[in-house]
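Shown next, in structure tokens, is the structure this report addresses.
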Amino acid sequence: FAGKDSDIVAPFKQMAKSKENTKSGKAAPDITLNTIDGKQVQLKSLLNGKFTYIDVWATWCGPCCKEIPFLEKLVEKFKGNDKVQFISISVDQSVDAWKNKLNKDKPQWSQYVLTPENNKTFSEDWGISGIPRFIMIDANGNIFSPNATRPSEDATAKTIEEQTK
């Protein structure tokens, strides 16, 4: 019976660990991201003293795709503000589907994709069980909000404005 209990408890232990590791004020967990041309980059290397709004999404996710026009408006609104950056991280299993969507939409902000292995690590580190998911990281590379408001919510632009004055 003890073996069965540990199987039941394991996911909750992981969830508690991810909640602890992604509390506001903690350093953002690092992960390797892939660019559209297949180069690898560390998330931490992108957090260059700017407030960062991260969109975690996939091409097959309807609610994710519904947020894209709102994210485009946010990017446009803060275009001249060098204190903020926007990053989208795709969890697509099909890199081709992701590339096709980017080629069609031509987003004006940074786009990355996770390998399946890195997706598992990223999801566990951040406690991501569903998408879309939005994350805000402060200019010091610390978590501002592990579960931020959506681009379609007015509070998102207000928060970014407040944090980038």
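All heavy atoms count here, side chains included; hydrogens, waters and symmetry mates do not.
- Between Lys79 atom NZ and Gln108 atom CD the span is 6.5 Å, to the nearest 0.5 Å.
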Would Glu162 and Lys158 count as a salt bridge (Lys or Arg N to Asp or Glu O under 4.0 Å) here? Give the steps.
CA-CA 6 Å; Glu162 289 167 6; Lys158 286 180 186 143; over 6 Å; no

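- Paired with Lys99 under the rule side-chain contact (heavy atoms from CB on, under 4.5 Å), one option of Ile36, Val113, Asp37 passes, and it is Ile36.
- The side chain to side chain donor-acceptor pair (under 3.5 Å) analysis of residues 81-95, with sequence neighbours excluded, yields the pairs Thr52-Gln85, Asp55-Ser88, Thr59-Asp92, Asn81-Thr164, Ser88-Trp109, Ser90-Asp92.
- Taken to the nearest 0.5 Å, the CD1 atom of Ile87 stands 10.0 Å off from the CD1 atom of Ile135.
- Hydrophobic clustering keeps Val95 apart from Ile131 (ILVMFWY residues linked when any side-chain heavy atoms are closer than 4.5 Å, directly or through intermediates).
- The 12-atom threshold is not exceeded at CG of Asp154, counting heavy atoms of other residues, nucleotides or ligands nearer than 6.0 Å.
- Checking Thr115, Val56, Thr32 one by one against Phe122, the side-chain contact (heavy atoms from CB on, under 4.5 Å) holds for a single residue, Val56.
- Val84 and Leu47 sit in two unconnected hydrophobic clusters of ILVMFWY residues. Membership requires side-chain heavy atoms under 4.5 Å apart, directly or through other members.
- You'll find the side chain of Met136 reaches within 4.5 Å of the side chain of Thr156, heavy atoms only.
- Within the 4.5 Å cutoff, side-chain heavy atoms of Tyr112 are placed close to those of Thr35.
- The structure places CH2 of Trp57 at 8.5 Å from CH2 of Trp98, a figure rounded to the nearest 0.5 Å.
- Going from atom CD of Glu161 over to atom NZ of Lys77 covers 4.5 Å, rounded to the nearest 0.5 Å.
- Taking CD1 of Ile160 as the start and OG1 of Thr149 as the end, the distance is 7.5 Å to the nearest 0.5 Å.
- To the nearest 0.5 Å, atoms CD1 (Ile89) and CD (Gln111) are separated by 10.0 Å.
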Evaluate the side-chain contact (heavy atoms from CB on, under 4.5 Å) criterion for residues Gln40 and Asn34: first the C-alpha distance (whole Å), next the side-chain angles of each, then the deciding distance (0.1 Å), finally the verdict.
CA-CA 5 Å; Gln40 292 189 329; Asn34 290 7; 3.4 Å; yes

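- The backbone N or O of Asn140 sits less than 3.5 Å from a side-chain atom of Asp138, completing a donor-acceptor pair.
- Using modelled atom types, one side-chain atom of Lys44 and one backbone atom of Ala28 make a donor-acceptor pair closer than 3.5 Å.
- Residues Pro151 and Glu72 fail the side-chain proximity criterion, which asks for heavy atoms closer than 4.5 Å.
- Using a 4.5 Å cut-off between side-chain heavy atoms of Ile, Leu, Val, Met, Phe, Trp and Tyr, with links allowed through other members, Leu43 and Ile128 fall into the same hydrophobic cluster.
- None of Asn147, Ile54, Ile31, Ile143 except one satisfies the side-chain contact (heavy atoms from CB on, under 4.5 Å) rule with Trp126; the exception is Ile143.
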Show me the side-chain donor-acceptor pairs of residues 64-71 shorter than 3.5 Å, one per line, residues at least two apart or across chains.
unit_1: Glu67; atom_1: OE1; unit_2: Ser152; atom_2: N; d: 3.0
unit_1: Glu67; atom_1: OE1; unit_2: Ser152; atom_2: OG; d: 3.1
unit_1: Glu67; atom_1: OE2; unit_2: Ser152; atom_2: OG; d: 2.8

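- With sequence neighbours left out, the ring-ring contact (aromatic ring centres under 6.0 Å, His included) criterion links Phe78 to no other residue.
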